[in-house]
Amino acid sequence: MSATSVSPIPITTIWELKQHHSQLVRLGRASHPAHARRLLAFLARDPAHLPYAARLLAHHPDPHPALFNPLFASLPPRHAAAFLALMLSLPLHPDHFTLPQLLPTAPLPLAAQLHALLLKLNFHSHAHSFNALLAAYFANGRADLASRLFGGSSPSPALDVVSWTTMVGGLCRLGLVDDARELFDAMPERNLVSWNSMITGYIKAGRFLHALEVFDQMRALGLEGNGFVATSAVVACTGAGALARGREVHRWAEQSGIKMDEKLATAIIDMYCKCGSVEEAWRMFQVLPTKGLTSWNCMIGGLAVHGRCKDAIQLFHQMERENMAPDDVTLVNLLTACSHTGMVSEGRHYYNYAVQRYGIEPKMEHYGCMVDLFGRAGLLDEAKKVISDMPMEPDIGVLGALFGACKIHRDVDLGEAIGWRVIDLDPQNSGRYVLLANLLASAGRWEDVAKVRRLMDERNVGKEAGRSVIEIEGEVCEFQCGSLCHPQEKDIFAMAEDMMRKIRLEGYTPDTSDVLHDVSDEAKETSLLYHSEKLAIAFGLLRTKPGDTMRVTKNLRVCRDCHEVTKFISLVFEREIIVRDRNRFHHFKDGLCSCKDYW
């Protein structure tokens with residue numbers, strides 16, 4: 001019988017462990033690594049059992065580090081530190097694989113102690129230990145210590161491509177993307193993990209075009225990608241609203257033979273949905289050989305933000321027929337679909353159905369969806385009842401949904417009360433102040449508008465500038481509200497003025513209700529002209545012909561005036577214009593919008 005043939009028995013108490021240990025001693029198998037590790041794994045979970053672990057190690061004929069190294073990764077930092085102290089006291093010397101097991105979860109004081117121990121044991125020049133220490137400092141938010149360690153080690157043999165990549169990834173995670181790029185450009189060699197770290201760093205910082213620039217640089221060098229890089233590139237296209245680039249990355253992934261796993265497939269479906277081509281998302285979804293819950297949720301959510309509630313509900317029932325149980329994300333998507341189309345009774349039905357049929361426990365986001373559902377429909381009393389019946393205190397998302405509904409339906413009294421409460425909860429979010437100021441401005445309360453603006457100044461809260469991105473013939477251009485820096489600047493402004501003149505002839509009247517200044521109507525109308533969406537559309541009109549489709553991605557919710565302007569432009573200039581704002585998609589064609597003015 002082999003040493004490992006003893007059937008393992010459950011060990012839940014120290015008494016059971018001692019019984020099992022006695023049996024192993026009698027059979028002469030207590031020193032076998034598999035059995036010894038199992039005993040040590042139980043003993044290491046509780047510092048009170050460390051004396052017993054010490055005796056076990058002291059009597060082991062060959063207490064090699066490989067015997068206990070695997071234990072450290074599964075232990076909480078405090079217990080791992082205690083077990084390491086026990087080893088050192090016996091003395092049992094760790095090897096260069098020991099400390100990297102402790103470092104990933106080590107708090108800063110422990111990481112500093114392990115750093116000292118690495119120096120004492122002369123393991124600091126070993127790449128595995130060195131890189132684990134770098135990662136530990138970044139995990140504790142100490143880019144300064146990681147940079148000092150990295151910079152002070154050159155030209156140490158410990159610096160390898162993993163070291164450089166750890167620095168790039170760590171700096172990106174802490175928001176130091178420009179520092180990471182400088183280091184990335186200086187790398188003596190790069191692997192796919194390095195490239196992906198820089199791409200994802202830009203994505204996390206919201207700099208999607210920079211992420212695509214790095215991806216293009218990688219491809220120009222003839223490097224073959226993998227699923228991780230492909231997924232990151234697709235996500236960058238999603239963030240930029242760059243449909244043509246997304247299609248290109250999709251083709252590249254297929255032609256490169258990259259495995260279309262669920263993560264990549266779902267990212268592609270999400271990209272097509274969020275870049276305004278839900279039909280291509282649907283085709284991708286249909287050809288998936290196996291559909292996981294994430295894929296179903298992504299497609300239902302995509303239909304929801306495009307205002308295709310009936311299609312989202314139909315897909316949900318298909319999901320049920322294929323024995324895929326929904327989760328809390330599915331419910332959020334269903335409620336979002338109902339909210340965007342004003343299907344209040346359906347939203348109420350599916351909320352109760354998911355809770356009762358599938359036992360989904362409502363979370364904060366579900367209550368927020370219900371508040372939004374009722375609020376958009378003007379049922380503010382029902383929205384308030386949802387909040388009063390919640391088993392927890394409403395968060396900023398729930399209150400924000402009610403606040404937004406008050407703005408839509410111009411309930412100034414309730415909106416003002418909720419608005420100040422929302423600002424207190426989220427004092428650095430400029431959008432909260434702007435929404436309250438808009439609400440007060442709609443009632444002509446200019447002194448109170450000024451009060452809100454003064455509070456923003458006192459708290460040093462800057463208004464988020466409106467930005468719109470348009471993709472024309474594979475070129476992605478970004479426009480910012482009130483300013484324009486583009487080679488065709490004069491042509492774009494001339495087109496903007498011309499398009500406004502032409503739609504006025506068709507009956508367009510400016511909606512100045514969202515202008516936050518007590519100035520003349522002419523001044524208000526002039527300020528509306530420089531909204532980023534209008535500048536992006538003017539550029540699009542210069543570069544497209546009648547019958548073409550333009551796609552615009554905004555960082556803010558589309559304002560009433562831009563919504564009305566875009567309807568008229570789609571009619572007068574014979575374009576289909578798809579606008580993705582912060583909340584949903586609007587498909588403008590022949591003077592109409594897919595939202596049916598319910599938004």
Asker: Locate the shortest heavy-atom distance separating Cys595 from His586; write the atom from each residue and the value.
Answerer: SG-ND1, 3.6 Å

Asker: Taking Thr266 for the side chain and Lys263 for the main chain, is one N or O donor matched with an acceptor at less than 3.5 Å?
Answerer: no

Asker: With a 3.5 Å distance limit and no angle check, can you tell me whether Glu564 reaches the backbone of Thr509 through a side-chain donor-acceptor pair?
Answerer: no

Asker: Quick one: does Asn297's side chain have a donor or acceptor within less than 3.5 Å of a partner on Val329's backbone?
Answerer: no

Asker: Verify whether one side chain among Tyr508 and Asp561 offers a donor that lies under 3.5 Å from an acceptor in the other.
Answerer: yes

Asker: With side chain to side chain donor-acceptor pair (under 3.5 Å) as the criterion, how do Asn131 and Asp160 come out once you've worked through the C-alpha distance, each side chain's angles and the decisive distance to 0.1 Å?
Answerer: CA-CA 9 Å; Asn131 296 335; Asp160 57 9; 3.3 Å; yes

Asker: Determine the minimum heavy-atom distance between Arg467 and Glu464, stating which atoms define it.
Answerer: NH1-OE2, 4.4 Å

Asker: Between the main-chain N or O of Ala136 and the side-chain N or O of Asn140, is there a donor-acceptor pair closer than 3.5 Å?
Answerer: yes

Asker: Assess the residue pair Leu171 and Val177 against the criterion (side-chain contact (heavy atoms from CB on, under 4.5 Å)); give the C-alpha distance rounded to whole Å, side-chain angles, the decisive distance to 0.1 Å, and a yes or no.
Answerer: CA-CA 6 Å; Leu171 291 168; Val177 186; over 6 Å; no

Asker: Under the side-chain contact (heavy atoms from CB on, under 4.5 Å) criterion, do Ser468 and Glu478 qualify, and how do the steps go?
Answerer: CA-CA 6 Å; Ser468 293; Glu478 181 176 272; over 6 Å; no

Asker: In terms of side-chain geometry, is the basic nitrogen of Asp144 or Arg142 positioned less than 4.0 Å from the acidic oxygen of its partner?
Answerer: yes

Asker: Measure the shortest side-chain to side-chain distance between Glu471 and Cys275 over non-hydrogen atoms and say whether it is less than 4.5 angstrom.
Answerer: no

Asker: Below 6.0 angstrom between ring centroids: does that apply to Tyr272 and Trp282?
Answerer: no

Asker: Are Ile470 and Phe539 side-chain neighbours, meaning at least one heavy-atom pair lies under 4.5 Å?
Answerer: yes

Asker: Determine whether Glu497 and Lys534 satisfy the following criterion, salt bridge (Lys or Arg N to Asp or Glu O under 4.0 Å), listing intermediate values before the conclusion.
Answerer: CA-CA 10 Å; Glu497 292 174 354; Lys534 295 185 179 76; over 6 Å; no

Asker: Ignoring hydrogens and geometry, is there a side-chain-to-backbone donor-acceptor pair from Asp581 to Val558 under 3.5 Å?
Answerer: yes

Asker: Can you confirm if the NZ or CZ of Arg190 lies within 45° of the ring axis of Phe184 and under 6.0 Å from the centre of its six-membered ring?
Answerer: yes

Asker: Quick check on the 6.0 Å ring-centre criterion: do Trp195 and Phe228 meet it?
Answerer: no

Asker: Asp178 versus Arg207: any side-chain heavy-atom pair under 4.5 Å?
Answerer: yes

Asker: Which heavy atom in Arg245 sits nearest to a heavy atom in Asp216, and how many Å separate them?
Answerer: NH2-OD1, 2.7 Å

Asker: I'd like to know if Glu346 pairs up with Lys310 as an ion pair, taking the criterion as any Lys NZ or Arg NE/NH1/NH2 lying under 4.0 Å from an Asp or Glu carboxylate oxygen.
Answerer: no

Asker: Using a 6.0 Å cut-off, check whether atom CD of Glu182 has over 12 heavy atoms from anything other than its own residue.
Answerer: no

Asker: Could you tell me whether the side chains of Glu576 and Ser570 share a donor-acceptor contact shorter than 3.5 Å?
Answerer: no

Asker: Between Leu212 and Cys237, which heavy-atom pair has the shortest distance, and what is it?
Answerer: CD2-SG, 3.7 Å

Asker: Measure the shortest side-chain to side-chain distance between Phe588 and Leu592 over non-hydrogen atoms and say whether it is less than 4.5 angstrom.
Answerer: no

Asker: Looking at Arg543 and Asp548, does any basic side-chain N land under 4.0 Å from a carboxylate oxygen?
Answerer: no

Asker: Run the ring pair (Phe, Tyr, Trp, His ring centres under 6.0 Å) test against Phe208 and tell me which residues pass, sequence neighbours left out.
Answerer: none

Asker: With no hydrogens and no angle check, is any side-chain donor or acceptor of Arg551 less than 3.5 Å from a backbone partner on Leu243?
Answerer: no

Asker: For Ile199 versus Ser232, what's the shortest heavy-atom pair and its separation?
Answerer: CG2-CB, 3.8 Å

Asker: So do the side chains of Phe573 and Phe568 get within less than 4.5 Å of each other, counting heavy atoms only?
Answerer: no

Asker: Answer yes or no: is there an ion pair linking Glu254 with Arg251, defined by an N-O contact shorter than 4.0 Å?
Answerer: no

Asker: Do the ring planes of His587 and His306 sit parallel (below 30°), tilted (30 to 60°) or perpendicular (above 60°)?
Answerer: tilted

Asker: Looking only at side-chain N and O atoms, does Ser194 offer a donor or acceptor that is under 3.5 Å from a partner on Asn191?
Answerer: yes

Asker: Indicate yes or no: at least one non-hydrogen side-chain atom of His531 is less than 4.5 angstrom from one of Leu535.
Answerer: no

Asker: When you check the gap from the basic side-chain N to the acidic O, do Lys554 and Glu533 get nearer than 4.0 Å?
Answerer: yes

Asker: Can a side-chain donor-acceptor contact be found between Thr165 and Ser197 if the only test is distance below 3.5 angstrom?
Answerer: no

Asker: Are Leu209 and Glu213 close enough, and set up right, to give a side-chain contact (heavy atoms from CB on, under 4.5 Å), and what steps lead you there?
Answerer: CA-CA 6 Å; Leu209 297 182; Glu213 174 192 306; over 6 Å; no

Asker: Between Glu280 and Lys274, does at least one N-O distance fall below 4.0 Å, as a salt bridge requires?
Answerer: no

Asker: Any non-hydrogen side-chain atom of Glu279 less than 4.5 Å from a side-chain atom of Arg283?
Answerer: yes

Asker: Salt bridge between Arg501 and Glu506, side-chain N to carboxylate O under 4.0 Å?
Answerer: no

Asker: Check whether any side-chain N or O of Thr166 sits under 3.5 Å from a backbone N or O of Val162 as a donor-acceptor pair, and report yes or no.
Answerer: yes

Asker: Under the criterion side chain to side chain donor-acceptor pair (under 3.5 Å), I'd like the reasoning laid out for Asn333 against Thr330: C-alpha separation, chi angles, the key distance, then a yes or no.
Answerer: CA-CA 5 Å; Asn333 290 336; Thr330 318; 6.0 Å; no

Asker: Looking at Asp590 and Arg575, is there a salt bridge between them, counting it only when a charged N and a carboxylate O are closer than 4.0 Å?
Answerer: no

Asker: Thr336 side chain to Val332 main-chain N or O, any donor-acceptor pair under 3.5 Å?
Answerer: yes

Asker: Which residues satisfy the salt bridge (charged side-chain N to carboxylate O under 4.0 Å, His left out) test with Asp395, sequence neighbours excluded?
Answerer: none

Asker: So do the side chains of Pro362 and Tyr367 get within less than 4.5 Å of each other, counting heavy atoms only?
Answerer: yes

Asker: Would one find more than 12 heavy atoms of other residues, nucleotides or ligands at under 6.0 Å from atom CD of Glu320?
Answerer: yes

Asker: Please report whether the ring centroid of Tyr598 lies less than 6.0 Å from that of His563.
Answerer: no

Asker: Around atom CD of Gln314, are there more than 12 heavy atoms from other residues, nucleotides or ligands closer than 6.0 Å?
Answerer: no

Asker: Do Asp597 and Arg560 meet the salt-bridge criterion of a basic N to acidic O distance under 4.0 Å?
Answerer: no

Asker: Report yes or no: does Asp372 contribute a side-chain atom to a donor-acceptor pair with the main-chain N or O of Gly368 at less than 3.5 Å?
Answerer: no

Asker: Within the distance-only criterion (no hydrogens, no angle test), does the side chain of Thr238 pair as donor or acceptor with the backbone N or O of Val234 below 3.5 angstrom?
Answerer: yes

Asker: Going through the distances and angles, do Met198 and Met187 end up as a side-chain contact (heavy atoms from CB on, under 4.5 Å)?
Answerer: CA-CA 12 Å; Met198 195 65 249; Met187 289 182 70; over 6 Å; no

